[in-house]
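Data block below; observations after.
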Amino acid sequence: MGGLMGIQENWKKYENEAAFNFSFLPEEIQKKGRELTFQQKQFIVYRGDSIQYIYFIKSGSVLGTRSYADGNEYNYFFVDSENGSIGLLELFARKAEYIASILCMTEVTVIRMDAGIIYDYVMGHAEMLRRCITLIAQDLYQRSANDGRFYYLDGINRVRHYFVDYYNEHLKGKGKKVTVYAAYRDIAANVGISVRTVGRSIRQLKDNGEIQSKDKKVVIDGENYRMLLEALSL
């Protein structure tokens, strides 16, 4: 069978090998890890640090961020226990330094593993290698799809996009509420607008009923998500 149908049949052979986190490592490898706990707003690694360890997230969530010489910061990915590791991209890209600083959004528990142990194990096991390839390729595909998407959007629609993506990334069950823990400056850096514009946009979205607020945090439920998407499609 050729063409797209044939490719899809090939994909199905490995459709259960799309995740890679600590739970997929064998017990003898897991025993070589060390459990560590980091507090909210604590950095696990800094951009430019030498790659020594892979950190598998056991609980909590972190934010990848880069700082530039002009003082601006760009926050561009979230990691939690589901997609769950720090340093995997650099390890398999064969780069000696972490590409981003990793900041804890909540209290975070990790399992720290020697990078060399992980590399040798994965390279010697075809299933683990397929899992890593899929994880990294899906991440790259998503980032590529996002390139330039804000070019024609004004401030409020950039913020809508941010909340839609945040909801999709953090939803743990159908119809559940998601609390946005990112600060205004984090949202501003992520979508390329000023902090003042983020504040104005959030106030407008609240007035529209597209988002909620609790304890000074933005909250999004299933109906808010629908309204955000509907506004973006107008």
My understanding is that only one of Thr106, Thr109, Val110, Thr37 makes a side-chain contact (heavy atoms from CB on, under 4.5 Å) with Ser59; could you say which?
Thr109
Quick one, Met123 and Phe92 - any side-chain contact, counting heavy atoms below 4.5 Å?
yes
Does Ile117 offer a backbone N or O that forms a donor-acceptor pair with the side chain of Asp114 under 3.5 Å?
yes
Output every pair passing side chain to side chain donor-acceptor pair (under 3.5 Å) with a member in residues 195-205, not counting sequence neighbours, ordered by first then second residue.
Ser194-Thr197, Thr197-Arg200, Gln204-Asn208
For Ile220 versus Val180, what's the shortest heavy-atom pair and its separation?
CD1-CG2, 3.9 Å
For Glu15 and Lys12, run salt bridge (charged side-chain N to carboxylate O under 4.0 Å, His left out): C-alpha distance rounded to whole Å, both residues' side-chain angles, the deciding distance at 0.1 Å, then the answer.
CA-CA 5 Å; Glu15 63 184 356; Lys12 286 182 180 179; over 6 Å; no
Do Tyr162 and Val178 belong together in a cluster built from hydrophobic side chains that touch within less than 4.5 Å?
yes
Using the rule that two of Ile, Leu, Val, Met, Phe, Trp, Tyr join whenever any of their side-chain heavy atoms come within less than 4.5 Å, decide whether Val191 and Val195 are in one cluster.
yes
Do any N or O atoms from the side chain of Asn224 and from the backbone of Gly209 form a donor-acceptor pair under 3.5 angstrom?
yes
Would a hydrophobic clustering, with Ile, Leu, Val, Met, Phe, Trp and Tyr connected at side-chain separations under 4.5 Å, put Leu229 with Ile202?
yes
Taking only residues two or more places apart in sequence, or in another chain, which ones meet Gln42 in a side-chain hydrogen bond (donor to acceptor under 3.5 Å, both in side chains)?
none
Evaluate the ring planes of Tyr53 and Tyr55, with Trp represented by its six-membered ring, and classify them as parallel (under 30°), tilted (30 to 60°) or perpendicular (over 60°).
perpendicular
Excluding sequence neighbours, so at least two apart, what forms side-chain hydrogen bond (donor to acceptor under 3.5 Å, both in side chains) with Glu223?
Arg226
Given side chains that start at C-beta, do those of Leu228 and Leu232 come closer than 4.5 Å, heavy atoms only?
no
Looking at CD1 of Ile44 and CG of Asp49, how far apart are the two atoms once the value is rounded to the nearest 0.5 Å?
12.0 Å
Considering all heavy atoms, the nearest Asn16-Arg131 contact
O-NH2, 3.4 Å
Looking at Arg47 and Ile99, would you say the former's side chain and the latter's main chain have a donor-acceptor pair under 3.5 Å?
yes
Would you indicate whether the side-chain heavy atoms of Val218 and Thr179 approach each other to under 4.5 Å?
no
Tell me whether the count of non-hydrogen atoms from other residues, nucleotides or ligands lying under 6.0 Å of NZ in Lys206 goes above 12.
yes
Close side-chain approach of Val159 to Ile193, heavy-atom, < 4.5 Å:
yes
Shortest non-hydrogen separation from Phe56 to Phe20 and the atoms involved
CE2-CE2, 3.8 Å
Using modelled atom types only, decide if a donor and an acceptor are shared between the side chain of Arg158 and the backbone of Leu153 within a distance under 3.5 Å.
yes
Looking at every non-hydrogen atom in both residues, tell me the closest pair between Ser101 and Phe43 and how far apart they are.
CB-CE2, 3.7 Å
Taking only residues two or more places apart in sequence, or in another chain, which ones meet Tyr46 in a side-chain hydrogen bond (donor to acceptor under 3.5 Å, both in side chains)?
none
Using 0.5 Å steps for rounding, measure from the CG atom of Leu25 to the CE atom of Met128.
7.5 Å
Heavy atoms, side chains only, cut-off 4.5 Å: are Leu88 and Cys132 in contact?
yes
What's the separation between atom CD in Gln52 and atom CZ in Arg112, rounded to the nearest 0.5 Å?
8.0 Å
Check the hydrophobic clustering (I, L, V, M, F, W, Y; side-chain heavy atoms under 4.5 Å; chains of links allowed) and say if Leu135 and Val122 are grouped together.
yes
Looking only at heavy atoms, the pair that brings Ile54 and Ala115 closest together is CG1-CA, 4.0 Å
Check against side-chain contact (heavy atoms from CB on, under 4.5 Å), Ile102 and Leu63
CA-CA 6 Å; Ile102 305 298; Leu63 175 70; over 6 Å; no
Are Val219 and Leu171 connected into the same hydrophobic cluster when the rule is that any two of I, L, V, M, F, W, Y join if their side-chain heavy atoms are below 4.5 Å apart?
no
If you count the non-hydrogen atoms of other residues, nucleotides and ligands that lie under 6.0 Å from OH in Tyr184, is the total more than 12?
yes
Which residue pairs satisfy the ring pair (Phe, Tyr, Trp, His ring centres under 6.0 Å) criterion with at least one member in residues 198-226, sequence neighbours excluded?
Tyr167-Tyr225
State whether the side chain of Asp186 and the backbone N or O of Ala183 hold a donor-acceptor pair below 3.5 Å, judged by distance alone.
yes
Under 3.5 Å, is there a donor-acceptor pair between the side chain of Asn21 and the main chain of Ser23?
yes
Scan for salt bridge (charged side-chain N to carboxylate O under 4.0 Å, His left out) pairs involving residues 16-37, sequence neighbours excluded, and state none if there are none.
Glu17-Arg130, Glu27-Lys31, Glu35-Lys58
The reported gap from CD in Gln30 to CE in Met113 (rounded to nearest 0.5 angstrom) is 8.0 Å
I need the Ile111 CD1 to Ser85 OG distance, nearest 0.5 Å.
13.0 Å
Checking the side chain of Asp165 only, and the main-chain atoms of Asn168 only, is there a donor and an acceptor separated by less than 3.5 Å?
no
For Tyr121, does its backbone N or O pair with a side-chain atom of His125 as donor and acceptor, under 3.5 Å?
yes
Nearest 0.5 Å, what's the CG-CD distance between Leu103 and Gln40?
8.5 Å
Minimum heavy-atom distance between Cys104 and Phe38, given as atom pair plus value
SG-CB, 3.5 Å
Do the side chain of Glu90 and the main chain of Glu97 share a donor and acceptor less than 3.5 angstrom apart?
no
